[in-house]
Amino acid sequence: MQQISTNIHGRVDSISLAGIRLGLRTTVVQLAEGRLWVHSPTHLTDALRRKVDALGEVGFLVAASNGHNRWLLEWQ
């Protein structure tokens with residue numbers, strides 16, 4: 001995960017779907033109250049979990065469509 005701006009971090013990943021490589025991006029925003037807003041969560045590896053935990057508590061998970069909800073349970 002890389003810092004994009006103050007209180008904004010992103011992670012680029014990819015997935016193979018029907019033989020086509022699709023790019024994925026998770027965006028994590030640290031809100032003024034301290035909790036995290038996570039958009040389009042990708043697979044939650046142990047390394048990613050440690051980085052997110054270091055930023056704060058996840059307060060909001062946003063999946064923009066059915067295709068974006070694949071890893072929501074891992075993040076809950």
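Everything numeric here is computed off the predicted structure, so don't read it as measured data.
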**Message:** Does any part of the side chain of T27, heavy atoms only, come nearer than 4.5 Å to the side chain of V38, both counted from C-beta?
**Reply:** no

**Asked** Taking atom OG of S14 and atom CD1 of I20, what is their separation to the nearest 0.5 Å?
**Response** 13.0 Å

**Asked** Are any non-hydrogen side-chain atoms of P41 and L72 less than 4.5 angstrom apart?
**Response** yes

**Request:** Say whether V12 and M1 are linked into one hydrophobic cluster, either directly or through other cluster members, by side-chain heavy-atom distances under 4.5 angstrom.
**Result:** no

**Prompt:** Can you pull the salt bridge (charged side-chain N to carboxylate O under 4.0 Å, His left out) pairs that have at least one residue in residues 7-19, sequence neighbours excluded?
**Reply:** R11-D13

**Asked** Partners of T26 by side chain to side chain donor-acceptor pair (under 3.5 Å), sequence neighbours excluded?
**Response** T42

**Request:** Would you list the pairs meeting salt bridge (charged side-chain N to carboxylate O under 4.0 Å, His left out) in which at least one residue belongs to residues 14-36, sequence neighbours left out?
**Result:** E33-R35

**Message:** Using the side chain to side chain contact (heavy atoms under 4.5 Å, CB included) criterion, which residues pair with Q30? Sequence neighbours excluded.
**Reply:** N7, L36

Run the side-chain donor-acceptor check on residues 47-61: report pairs under 3.5 Å with partners two or more places apart or on a different chain.
none

**Item:** side chain to side chain donor-acceptor pair (under 3.5 Å) against H43, all qualifying residues, sequence neighbours excluded
**Value:** E74

**Shared hydrophobic cluster for V62 and W75 (ILVMFWY, side-chain gaps under 4.5 Å)** = no

**Asked** Which pairs, with at least one residue in residues 17-41 and sequence neighbours excluded, count as a ring-ring contact (aromatic ring centres under 6.0 Å, His included)?
**Response** W37-H39

**Item:** Under the side chain to side chain contact (heavy atoms under 4.5 Å, CB included) test, residues paired with I15 that sit two or more places apart
**Value:** L22, L24, R70, W71

